[in-house]
Amino acid sequence: MKRLFLFAISSLLLVLPVKADEGMWLPALMSQRIADMQAKGFKLSAEDVYSINQASLKDAVVLFGGGCTGEVVSDEGLLFTNHHCGYSYIQRHSSVEHDYLKDGFWAMSRDEELPNRGLTVSFLDRMEDVTNAVLKGYSPSMTEEERQQLVRDNSAALIKEATADGKGLRASVEALFYGNQYYLFVYRVFRDVRLVGAPPSSIGKFGGDTDNWMWPRHTGDFSIFRIYADKDNNPADYSEDNVPYRPKKSFTISRAGVKNGDFTFVYGCPGSTKEYVMSEEVKYVSEVSDPQKIDLRTKRLDIMKKYMDADQAVRIQYSSKYANVSNAWKKWQGEAKGIIKMKTVKAKKEYEERFRQWAKGTRYEGLIEKLDVLYAERFPSYLAYENYTETVRAIEILSLASSVVSALDNNPESVKSLAESFFKDYYQPIDEEIFTAMLEAFDKNMDDGMKPQYFKDMLKKYGSVDSWRKDLYSKTIFTDKNKVLALKAEDVENVVKDPAYELYDAFFSWYYDTLRPVINRTSTEINLVYRDYMQGQMDFEKDKVFYPDANLTLRVAYGHVDGYSPADGITYEPVSTLKGIIEKDNPEIFDYDIPQTLRDIYAEGGHEDQPVCFLATNHTSGGNSGSPVINADGNLIGINFDRVWEGTMSDYVFDPDFCRNISIDIRYLLFNIEYIGHAEYLFNEMKFAD
Ligand code: ARG
Ligand code: ASP
């Protein structure tokens, strides 16, 4: 174990070229990448990027909320991220009277900045290879359960030690390379983060779901926040007495612009990739799971859209929900297509065959066969689970029922706020139609043996999903805000007999008792085999430099500004401009209806070439949204927000010809502050390189 592990490390130390620009590298190992980065144009040192001894760029990058990235751009805690990362917070402050989603929001002074309950930003204090400490006491004679227990105990001790000073520290130990390595990540988490500015959605979400995951792109996908701290600059809950956070480091902004070939580097928190999985998994994703989930979501989106188009209030209520459902829906389409186009399943099969031959007589012999067996066991249950989450869990009153029951049990006071926030954005006709469509689809997609008995009994009783729906919605209390508001702890006995709760509970129990054990057991076993298979791949391809799969920890990806050719006869330029927005502008089409001010500014002239977005070859993933895009001098030139559709398979396989990340040009953000928000006062605290 130890010997093999040392081998893995030594192979990581060799700086050998991987396929152009593929890779999400650990900042703490910058010294291994810096020569390559510098050869490609980067002018800073490894210590400038990541250091635990001095302020470095990492001190200006945050994990924003639970799944985006942000960057600090002033000594007073000013923070940029994407509009879609701030979206749910902007939405929560919005109503028909103050529609910040539609009209945008600009604080004109510090006291107008809006607090956001539950929003945190986390700065990485340090990361550290703790493999030896985590495996301290390990002996090869241990069972996997014993090993896991050891890893848990040792990790808990490390975390306790790392967070001893209190003051908002949070730590986690993450397994990299399927547990061949462990890293400790220590964060300082700030809890008072206020909204400073957001453009109208017609800019921040320009192109909407039509242009999402696509190029050419013209989205002003940014929003601006500010981090607050207590008077000693430490994290604190929201308080009027808090003051703007004084960061160790903040980005300097470059207005010099980008051109083809320029070095770029993205510093952020990609969420999850699976670059080293077997052909069987990629086949399942591209041929079974993605297509089925796409189909289910198409139905849901069509229903939401019908009602949103008919009523502005419903549009506001469902805008965030719709965007969430549609985002993965569209990504899966590009992903499945990309995997199929790259013949990834075939390529992986061939690789596995070569691996199998090579592995004969080594400790890696038989791994591929083991994985085949485990996958065959796992997929039927996993597919049922995915169908369950995409159908039953899409019915809104069921989620409410479950949250209310657990609130009545644990914290009855919280039922009020639950009900308030649920009914603010609830439209019953949508929910009812989704109920019927989703349960009918579940019935159709699943073999009889893969359905809960309760579901079969109800269908028998009612004859159709639709009569079941009518009866359920006429009897449940969960469509009635006043009834939910009136609930008291002692009502829980009755509430669990509500038909919505019964349905939720029957499905949940079925998942919990039938699917979950198979899914969990196979997960553990598959992971275990992958630990060896991962190490095996590293030994098999000694010349390749491996990067760990993304896991929402801070990573560096570097590449250059570049267009691409999505199909024969089409070549995309890497830069888009305001001219393109005007070309797309159409008051009749919701996604392309820009604010009149923008039309007027354009008509005045002089802004045709105003840059809006650009493409580059950095390897990014979900979670990299809001990440700073940095030039060769270490200055901020853009904010990452998306990838191109033809490249979304990069979570499984990276194709240097098609994988591009999309960023908003920082100059378009500045343009918006000036011309749309008239909040130029914010420029005073920013630092400009040119
Ligand atoms: N595709 C981008 C990402 O995955 C943007 C998503 C938000 N936009 C939207 N139209 N749903 O985060
Ligand atoms: N839009 C994604 C995000 O929110 C980024 C991506 O998947 O490329 O993180």
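Counting convention: from 1, in listed order, for ligands and their atoms alike. Position 1 is the first residue of the sequence, and the numbers go up from there.
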Can you see which heavy atom on S223 is nearest to which on A198, and at what distance?
CB-CB, 4.3 Å
Flag, side chain of N672 to backbone of I676, donor-acceptor distance under 3.5 Å:
no
Minimum heavy-atom separation for I582 to I594, with atom names?
CD1-CD1, 3.8 Å
Which parts of the protein, at residue level, reach under 4.0 Å of ligand 2 through a heavy atom?
H84, W213, S621, G622, G623, N624, S625, F641, D642, R643
For atom 6 (C) of ligand 1, tell me which residue out of V325, T219, N327 has the closest non-hydrogen atom.
N327
Taking non-hydrogen atoms only, is K205 closer than 4.0 angstrom to ligand 1 via side chain, backbone, both or neither?
side chain
Say whether N640 and N624, considering side chains only, have a donor N or O and an acceptor N or O under 3.5 Å apart.
no
Salt bridge K330-D211, side-chain N to carboxylate O under 4.0 Å
no
Check: Y547/R555 side-chain N/O donor and acceptor closer than 3.5 Å:
no
SB check K305 D302 (cutoff 4.0 Å)
no
So Q312 and K102, do their side chains get closer than 4.5 Å, heavy atoms only?
yes
Within the 4.0 Å heavy-atom shell around S625, which atoms of ligand 1 are there?
12 (O)
Near A323 (heavy-atom distance under 4.0 Å), the atoms of ligand 1 are 11 (N)
